[in-house]
*Asks:* 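Let me begin by handing over the structure; questions about it come next.
Atoms within a ligand are numbered from 1 in the order they appear, just like the ligands themselves.
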Amino acid sequence: MKPCLKRAERKMRIEKAQEYGATVVFTFSNTVTHIIADKDIKYNEILEFLQLTEIPEGIAVTNPRWPGDCIRYGKLVDPKDFWYQVPGCPTESQQRNPLQDAPISEPIGGHSSLPSSPPSSLQVQPRPPPKQQPETPTNSQKDALDEAIEECLTTTPINIEDFLGSSSSSDTESSPESSPKRRKKASSSSSNSARDWQSHFQCMHKHTGALNPENPNSRTIQILEEMMQIYDSLKDQWRTRSYRIAISTLKSSNTTYISTYEQAISLPGVGDRLAKKIVEIVSTDRLQRLEYAKLDPKDQILKLFHGIYGVGLVQARKFVAAGYTTLEDIKKNATLTEPQRIGIERYSDFKQRIPREEVKQHGDIVSTALKTIDEKVQSHVMGSYRRGAKDCGDIDIILTKEGAGVEELHEVLEKLVEKLFDRKFLMCGLAIARHDDGTKWHGASRLEGEGKPWRRIDFLVVPGEEIGAAFLYFTGNDVFNRSMRLLASKKGMRLNQKGLYKDVVRGKNREKLNEGTLLESKDEKKIFEILGVPYRPPEHRIC
Ligand code: TTP
Ligand code: MG
C-alpha cells in the first residue's frame, strides 16, 4: 500500500505530523493508532481499502482536520468529536467499543489488546479533598516572574502553534522569521507582551521537580507522571507533551484542589480527555488506563526490549513482531551487535538507578586518574547528578581544559580510557562518536568489590571555550533544554551545546546558511542573561 504523495496537501500533512512526533506507516498493522483519511474519502472506502470488516477498537479514524487541530490547540483533541468524523462513520452507539463508557480510550504504542471491560471494582466515590491550602500564597513566596507566569498560565491557553511551526530541528523549534504571522507578531510586541509569551516556556519557570506534598493535587500529579513516563518510554511524543504541560500546570496551581471536570478543563493545556482522567483519578484514586498499561503484556515486552542498550524503538518493535517475548529469546535467536549483546547481559545492572553517592565515587575515580594524565584537565559530573538527583540513570562526565581544543582533549580521553581499563574500573566500551566539535565515549564502569553492578558511563570532550554552553546542555533536563533553545530561536538567536549565536541566516526550508555570530559559549550564566531568562540553578531545571 504505497501512499500517493502526489497531493501536495497530503504530503504536507504527513510531514507536519512527523515533525510533531507522529510515526507515519504505509502498511496497516496493530501499531497503528490513528487513520487519517483525505476529506473526500468515506468510511466504507477505508474499510474496503484496508480489507477490513470493521476498524479494530482503539484505532481512531479521522478527517484531516484532526491533526491540524491537534497542532493548533497544542494537545491531542478528541478524535471522536463529530467534526473530525469521516463521512459514513458509524455513530458511537453503533460502534462496538467496550471501553467507550470507561473514562479511558487511548491505546498505547498502537496496541489494542486491552482488557475488554473495566474492572468491576471501579469506584466512583470522589476522594476526599486533601487538607485545604490557603487560597493565595503569601507574596514573599513569589517573585515578579512567578506572578507573570501564573497569570499567563491561568489566563492564556497555551497555543503550541504560536511557538512551534515550520520547524528547524528535531525539537520543532522555529524562529520569529519563520512565518509572516509570527514575524508580524514579534515586530509588534511590546516589552510586556514579550514577557507574556516568554512565560509560556518551561525554562522561565522555577522547577524543583520534587513533588510538593502541600500541593492538593499531588496524587493527581503523581499518577499523571506515571502515565507520562509510559508514553515517554514508548516515544509517544504527542501524549508525553500534553501530559507534561498538564502536570506543569497542576504543579503551578498549587492552591486549588482540582476535582471537577469544569475545573480541570479550564486549566491551560488540559483538554477533554485529560480533564476526564483528572476526574477519574480524583474519584477513584487511580487511573484505569495506567493499570491496563502496566498489565498489557505487549506494552511490557516492547518496553523490556526498548530498554536494551543500543536497541531503538523500531528494532524493539521488530523483536516483538518476530514473536520474541524474553531477553533470552533475543539472545538466542536474533542477530545482535556487540553493544546490544552486552546490553542484554547487563540488562538489570543498566536498569538500576545509581545512588548519588555512588555516582560521586565514579566521578572521583575519573578525576583522580585524570590528574595523572594532565593536571589541568577537569572532569565534571553532569546530567541528573548536577541537577541534584538522589539517584541517576547513568554517569555523564564532561572532560575539559581551559584553552584546550578537541584534538588535545581527544588524546587525553584515549589515555584516560586506557588507564581506567587497566585499573579495571572500565568494564567495556559500547560506542564512540568522534566529531570535530567533540567526542562522546559510551561504556560501563564498576566500583571494586564483590558483585558490584556495572554502570553506564559517558565521557564527553568539551573545548574550554565552550564549557558554559556544554554545562547548560548536559545539565538538562531535555525539556528545559528544548525550552531554552526555543526561546533563543524566538529571539532570533540559536542555542546549541557549543554556544549561543545571533544573525543565523536560514534558507527557504529553514536550513542554516551560516553559523551566525557567537554571542557567548564560555559562561553559562551569561547565556541566561543574554536570553533574558532569570538564572536557574541546576536543581531548578527539572520540567
Ligand atoms: P541523560 O543522561 O540521558 O539524562 P539525565 O542525566 O538528565 O537523566 P538520567 O538520570 O536518566 O541519566 O542526558 C544528559 C543530559 O543531556 C540531559 O539532562 C539533557 C541532555 N540531553 C538532551 O538535551 N536531549 C536528549 O535527548 C538527551 C538524551 C540528553
Ligand atoms: Mg544521565
*Asks:* Verify the ring-centre separation between F459 and H442: is it less than 6.0 angstrom?
*Replies:* no
*Asks:* Is there a donor-acceptor contact under 3.5 Å linking the side chains of D329 and T326?
*Replies:* yes
*Asks:* Closer than 2.8 Å to the Mg ion (ligand 2): how many protein N, O or S atoms are there?
*Replies:* 2
*Asks:* How long is the straight-line distance from CG of L519 back to CD1 of I527, given to the nearest 0.5 Å?
*Replies:* 9.5 Å
*Asks:* Please work out which of the three classes, parallel, tilted or perpendicular, describes the rings of F350 and W454, given edges at 30° and 60°.
*Replies:*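 If you compare the ring of W454 with that of F350, the planes turn out tilted.
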*Asks:* Just say parallel, tilted or perpendicular for the rings of F319 and Y324, cut-offs at 30° and 60°.
*Replies:* tilted
*Asks:* From I278 CD1 over to L250 CG, what is the distance, rounded to the nearest 0.5 angstrom?
*Replies:*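 Interatomic distance, I278 CD1 to L250 CG, rounded to 0.5 Å: 5.0 Å.
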*Asks:* Going by side chain to side chain contact (heavy atoms under 4.5 Å, CB included), M427 matches just one of R446, R346, R455. Which one?
*Replies:* R446
*Asks:* Using a cut-off of under 3.5 Å, which N/O atoms of ligand 1 pair up with protein N/O atoms, and what distance separates each pair?
*Replies:*
| residue | atom | partner | partner atom | Å |
| --- | --- | --- | --- | --- |
| ligand 1 | 2 (O) | D394 | OD1 | 3.0 |
| ligand 1 | 2 (O) | D394 | OD2 | 3.2 |
| ligand 1 | 2 (O) | D396 | OD1 | 3.2 |
| ligand 1 | 2 (O) | D396 | OD2 | 3.0 |
| ligand 1 | 6 (O) | S384 | N | 2.9 |
| ligand 1 | 6 (O) | D396 | OD2 | 3.1 |
| ligand 1 | 7 (O) | R387 | NH1 | 2.8 |
| ligand 1 | 7 (O) | R387 | NH2 | 3.2 |
| ligand 1 | 10 (O) | R353 | NH2 | 3.4 |
| ligand 1 | 10 (O) | S384 | OG | 2.5 |
| ligand 1 | 10 (O) | G393 | N | 2.8 |
| ligand 1 | 12 (O) | D394 | OD1 | 2.7 |
| ligand 1 | 18 (O) | R387 | NH1 | 3.2 |
| ligand 1 | 18 (O) | T475 | O | 3.4 |
| ligand 1 | 23 (O) | N481 | ND2 | 2.8 |

*Asks:* Can you tell me how far the NE2 atom of H380 sits from the OG1 atom of T475, to the nearest 0.5 Å?
*Replies:* 10.5 Å
*Asks:* Drop me the distance from L274's CG to T220's OG1, to the nearest 0.5 angstrom.
*Replies:*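 If I round to the nearest 0.5 Å, the distance is 11.5 Å.
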